[in-house]
A.B. asks: 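Got a structure here, written out as structure tokens. Questions coming.
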2 protein chains.
Amino acid sequence: MRVQPLHKGSNAERSRHRNRQAVLGQVHAAGAIGRAEIARALSLTTQTVSNIIAELSQDGMLLEKGRRSVGRGLPAMQYALNPEGGYALGIEVRPDAIFSALLNLQGQAVATERVPLNTNEPDHVLAHVAVVYARHLKQVPTAQNRMLGAGVVMPGPFGKTGIAVAGSDLTGWQEVDAEQLFSETINLPVMLSNDANAAAMAERITGAAQDVMSFAYLYFGAGLGLGLVHEGHLVRGAFGNAGEIGHIPIPGKDHKLEDALSRLSVQRHLHSVGKEARDIDALELLYHQGDPDLFRWLDAAGTALGHAMTIIENIFDPQTILLGGAMPAAILDHLVAHTPMPDISVSNRPGSHHPRLMQGTSGRMTATMGAAALILNRALNSSISHSL
Amino acid sequence: MRVQPLHKGSNAERSRHRNRQAVLGQVHAAGAIGRAEIARALSLTTQTVSNIIAELSQDGMLLEKGRRSVGRGLPAMQYALNPEGGYALGIEVRPDAIFSALLNLQGQAVATERVPLNTNEPDHVLAHVAVVYARHLKQVPTAQNRMLGAGVVMPGPFGKTGIAVAGSDLTGWQEVDAEQLFSETINLPVMLSNDANAAAMAERITGAAQDVMSFAYLYFGAGLGLGLVHEGHLVRGAFGNAGEIGHIPIPGKDHKLEDALSRLSVQRHLHSVGKEARDIDALELLYHQGDPDLFRWLDAAGTALGHAMTIIENIFDPQTILLGGAMPAAILDHLVAHTPMPDISVSNRPGSHHPRLMQGTSGRMTATMGAAALILNRALNSSISHSL
DNA sequence: GGATTAGCTCAATTCATTTGAATTATCAAT
DNA sequence: ATTGATAATTCAAATGAATTGAGCTAATCC
């Protein structure tokens, strides 16, 4: 068996590529920044950064934002990302629909769409994706020649495993190389991921975790997912299935974590008392009405969330845990505010800079935009050389 | 707040440094390998690799191992790591003793020592470490000018947390910068880590996980630790305390995982029935005698191990989980052979290349040698530029 | 025994960075 | 208001390390 090298060798051109990315990353992180400051941060000379910035401006990736005087000396010309300098497509394939979002370089959605599906077999899905993508490009003509790639979110786990997500699985996707298929269909580099990982990346690019290097993201999707970001990079696991936290057994009456902590769980609980909450809005309404059954569920969910936190904190020691996904913001708020912090945890430390539990982005499109964020992150943060 | 860049910029010299490391890494992974093959693996030209190999041979890091004919063409000159080309010091500080090991570039221990401690306060420990290090250098004079660095293992968790390891904590270490202190004392670059992470690195450098990029290592130390290696790199967590798995609550009569699965646990269990097993050898003896009390513990431990596996596999999705540390090999063997694999897991996949649970290195020095392996790994595998 | 294949080296070239000097714009002190 | 210090930036030359292309060597294949 051939042992694959961790990292390829470096040469002048690969250095330039890496430095371009690093410069973009600095600009993204700072919002607006001058050449000399970037040079200091990257341990490069101003001359080098100057050359790279000239190149990036030429390519339309950067915009001049005027000079900013901060003390003595020549005020530095500030540069910012040109939002129209690059675009990333985000595709989320669900059993019954495709969600799609086109993000610009600053992570803003410039086009979104939802396409219902009759069948979710590969050919059918791919055809719809091609059509949606074409529609986005027509809507945003600037994106035509500036596509960085596409992120695709599909329900995990990938490959054959002991977990069968009854009913929610896609048919006919087990045996195919989805990344390859999408890449051929839309003629872009594709990154495949599960919903939680993608959502975590969205938080890192534009959301609550922009300056957080290591964090965990508990994501309410169909079940309960976990996105792990360690030192700025996704922890995907050897087979891309890291973060299937919902299936972990917990002490208590419910068998698995997601039996107590998921959208399905709350819907089942409400159903058992004769109430229905078809979607996020319905749940939000019940919450604002102070529905006692919903609050009973929230109590149990909080306990489960405490267990999840103990596990995540002790195994992964993140700076913070974010809570987000397809839940009403009010419910996420409530959980963040009312979940008792576990004592027995390496994260139970005095004087911590970040709260241990924070609210992330809420809503239906979180994972879709996260899919695109996977690509943006690669363009702005990647230390791994692109496959060229 | 200044956002620290993920990666510094690159230039010709940093490229060379990186390429040198990459070449060393290839040689280490292959055992013996020719220039052209390295060049292919790293996407460099043979000329470049040739230059680097000449440099590394000059520096005494590589040895020629004769030509190997594999087919047509000029047989390639094989190169291997010169074991005497570099050394790493491993220090393990325990409450009552210091363990120390000097490893050569191939990961073999060329000197080991155990120094009992009266007190484990910083000054005292540092003085002993300096003495032991000097003794090693006298024993292995070649190492004098070829020290790559020192790895130090101390009982975690680091910093103030909600976990207090009653009695096993070191006194006076909470407020000091241990890495800094060790580095000043022995005048070497120092990497600080907990036992499980270090042991995991040892498995990757010389042990059962040499060609495994992502794995988890369950380590029997004082309690139960977890070392995580993801894509060849340790996952240390934001504050260096990742892997404190022992404190996770599990379903069942025991509160925490390490109440059922640790050396302390088996000793307590045996004590409760009037038996004593002071050390590893005593445990091994009981095992070979078929002691029914020990086997009762093993059954419970296996159940707990199953829980641990479910958590690790579903959160981290590793290629395999290794079991090692300060336990008799026979007991590790037994656990590996008799633990039922959890069904509900992303790792429960047909046709997997690695077994889901494997036996790692057993014995008292595992973590100590792992400490040194942290340094070797940096020299052979690191993608992160050394602080120069 | 000649053709083919593969490993390796020499010398020249190329790429991207660094170095050092010069220029410009601002602040601060006289 | 003038002068000096400071900082950002650019220009041109030098440097470091990789690539390119030609040539040599030692195996196997036919």
Side-chain angles (χ1 to χ4, degrees), chain A residues 5 7-24 26-27 30 32-59 62 64-80 385 388, chain B residues 5 7-24 26-27 30 32-59 62 64-80 385 388:
Chain A
H7 296 283
K8 301 216 158 180
S10 177
N11 61 21
E13 270 151 14
R14 295 200 268 253
S15 283
R16 166 70 86 159
H17 184 246
R18 175 199 177 92
N19 288 347
R20 272 179 65 121
Q21 280 202 160
V23 167
L24 280 177
Q26 287 298 115
V27 174
I33 190 172
R35 299 165 172 102
E37 191 177 347
I38 296 174
R40 282 190 297 267
L42 299 178
S43 302
L44 293 171
T45 58
T46 33
Q47 182 57 59
T48 299
V49 174
S50 227
N51 293 340
I52 290 169
I53 291 230
E55 230 179 67
L56 289 171
S57 302
Q58 185 67 40
D59 294 352
L62 294 180
E64 293 193 352
K65 286 290 181 182
R67 295 186 178 275
R68 199 173 72 102
S69 174
V70 73
R72 284 190 180 182
L74 207 179
M77 176 61 75
Q78 303 297 109
Y79 289 86
S385 54
L388 301 171
Chain B
H7 296 282
K8 300 218 159 179
S10 177
N11 60 21
E13 271 151 14
R14 294 200 268 255
S15 283
R16 167 70 93 168
H17 183 247
R18 175 200 177 94
N19 289 347
R20 272 180 65 122
Q21 280 201 160
V23 168
L24 281 177
Q26 287 298 115
V27 174
I33 190 172
R35 290 167 247 222
E37 192 176 347
I38 297 174
R40 282 189 297 267
L42 299 178
S43 302
L44 293 171
T45 57
T46 31
Q47 183 57 60
T48 299
V49 174
S50 224
N51 293 340
I52 290 170
I53 290 228
E55 232 179 66
L56 289 170
S57 301
Q58 185 67 39
D59 294 351
L62 294 181
E64 292 193 353
K65 287 289 182 183
R67 295 185 178 275
R68 199 172 73 101
S69 175
V70 72
R72 283 190 180 183
L74 209 179
M77 176 63 73
Q78 303 296 110
Y79 290 86
S385 54
L388 299 171

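We name chains A, B, ... by the order of the sequence lines, and we start the count at 1 in each one. In this text, all values refer to a predicted model and were calculated from it rather than measured experimentally.
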A.B. asks: Side chain of B:Arg72: nearest nucleotide among C:dT5, C:dA16, C:dT9?
C.D. replies: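 Taking heavy atoms from C-beta onward, the closest nucleotide is C:dT5.
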A.B. asks: B:Leu74 CG to C:dT9 P: how many Å, rounded?
C.D. replies: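 Between P of C:dT9 and CG of B:Leu74: 10 Å.
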A.B. asks: For the backbone of B:Gly9 and the side chain of A:Asn19, can you confirm whether one donor and one acceptor N or O come within less than 3.5 Å of each other?
C.D. replies: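 Not a single qualifying donor-acceptor pair exists.
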A.B. asks: Could you tell me whether a side-chain N or O of A:Arg67 sits under 3.5 Å from a main-chain N or O of A:Pro75, the two making a donor and an acceptor?
C.D. replies: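 Yes, because the side chain of A:Arg67 sits within donor-acceptor range (under 3.5 Å) of the backbone of A:Pro75.
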A.B. asks: For B:Gln47, answer base if it contacts any base atom (sugar-phosphate contacts may also be present), sugar-phosphate if it contacts only those atoms, and nothing otherwise; contact means non-hydrogen atoms under 4.0 Å.
C.D. replies: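 Here B:Gln47 touches the bases of the nucleic acid.
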A.B. asks: With the side chain of A:Thr48 defined as its heavy atoms from C-beta on, choose the nearest nucleotide among C:dG7, C:dT17, C:dC27.
C.D. replies: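 The answer is C:dT17.
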A.B. asks: Please report the closest heavy-atom contact between A:Gln78 and A:Gly34, naming both atoms and the distance.
C.D. replies: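 Shortest heavy-atom separation between A:Gln78 and A:Gly34 comes out as OE1-N, 3.8 Å.
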A.B. asks: Could you give me the CA-CA distance, side-chain angles and deciding distance for A:Gln47 and A:Asn51, then say whether side chain to side chain donor-acceptor pair (under 3.5 Å) is met?
C.D. replies: CA-CA 6 Å; A:Gln47 182 57 59; A:Asn51 293 340; 3.0 Å; yes
A.B. asks: Contact class for A:Arg68 (heavy atom, under 4.0 Å): base, sugar-phosphate, or nothing?
C.D. replies: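 No contact at all - A:Arg68 keeps every heavy atom at 4.0 Å or more from the nucleic acid.
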A.B. asks: Name the one of A:Arg20, A:Gln21, A:Glu13 that satisfies side-chain contact (heavy atoms from CB on, under 4.5 Å) with A:His17?
C.D. replies: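 When side-chain contact (heavy atoms from CB on, under 4.5 Å) is applied between A:His17 and each of A:Arg20, A:Gln21, A:Glu13, only A:Gln21 qualifies.
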A.B. asks: Using every non-hydrogen atom in the two residues, find where A:Ala41 and B:Lys8 come nearest and quote the distance to one decimal.
C.D. replies: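 In this case the closest contact between A:Ala41 and B:Lys8 is O-CE, 4.5 Å.
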A.B. asks: Do you know the tightest heavy-atom contact between B:Arg35 and B:Ile53?
C.D. replies: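 Smallest interatomic distance, heavy atoms only, reads CG-CD1, 3.9 Å.
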A.B. asks: Toward the 5' end of DNA chain D, which comes first, A:Pro75 or A:Ala12, by nearest nucleotide?
C.D. replies: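 Its nucleotide being nearer the 5' end, the pick is A:Pro75.
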A.B. asks: Taking the axis from the first five pairs and the axis from the last five, what angle separates them in the helix from C:dG1-D:dC30 to C:dT30-D:dA1, rounded to 10 degrees?
C.D. replies: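 Answer rounded to 10°: the end axes differ by 10°.
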A.B. asks: Between B:Asn11 and C:dA16, does any side-chain N or O lie under 4.0 Å from OP1 or OP2?
C.D. replies: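 For C:dA16, neither OP1 nor OP2 has a side-chain N or O of B:Asn11 closer than 4.0 Å.
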A.B. asks: Grab the CE-P distance between B:Met77 and C:dG7 for me, whole Å please.
C.D. replies: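 Spelled out: CE on B:Met77 to P on C:dG7 is 14 Å.
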A.B. asks: I want to confirm an ordering. Mapping B:Ala36 and A:Arg67 to their closest nucleotides on DNA chain C, which one lands closer to the 5' end?
C.D. replies: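 So the residue in question is B:Ala36.
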A.B. asks: Under 4.0 Å between any heavy atoms, over every strand shown, what does B:Asn51 touch: base, sugar-phosphate, or nothing? Just pick one.
C.D. replies: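 Nothing, no heavy atom under 4.0 Å.
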A.B. asks: Expressed in angstrom and rounded to an integer, what is the separation of B:Glu13 atom CD from C:dT17 atom P?
C.D. replies: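 Going from CD in B:Glu13 over to P in C:dT17 covers 13 Å.
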A.B. asks: Tell me what A:Arg20 touches on the nucleic acid: a base, only sugar-phosphate, or nothing, going by heavy atoms under 4.0 Å.
C.D. replies: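 Nothing, no heavy atom under 4.0 Å.
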A.B. asks: Using chain A heavy atoms and a threshold of under 4.0 Å, write down where along DNA chain D the contacts begin and end, 5' to 3'.
C.D. replies: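 Range of nucleotides touched by chain A: D:dA5 to D:dT19.
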A.B. asks: Heavy-atom distance under 4.5 Å between the side chains of B:Leu24 and B:Leu62, does that happen here?
C.D. replies: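 The answer is yes; the side chains approach within 4.5 Å.
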A.B. asks: Restricting to side chain to side chain donor-acceptor pair (under 3.5 Å), what partner residues turn up for B:Thr45, sequence neighbours left out?
C.D. replies: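 Per chain and number, B:Thr45 pairs via side chain to side chain donor-acceptor pair (under 3.5 Å) with B:Thr48.
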A.B. asks: Between B:Leu44 and B:Ser69, just flag the one whose closest nucleotide in DNA chain D comes earlier from the 5' side.
C.D. replies: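 Its nucleotide being nearer the 5' end, the pick is B:Leu44.
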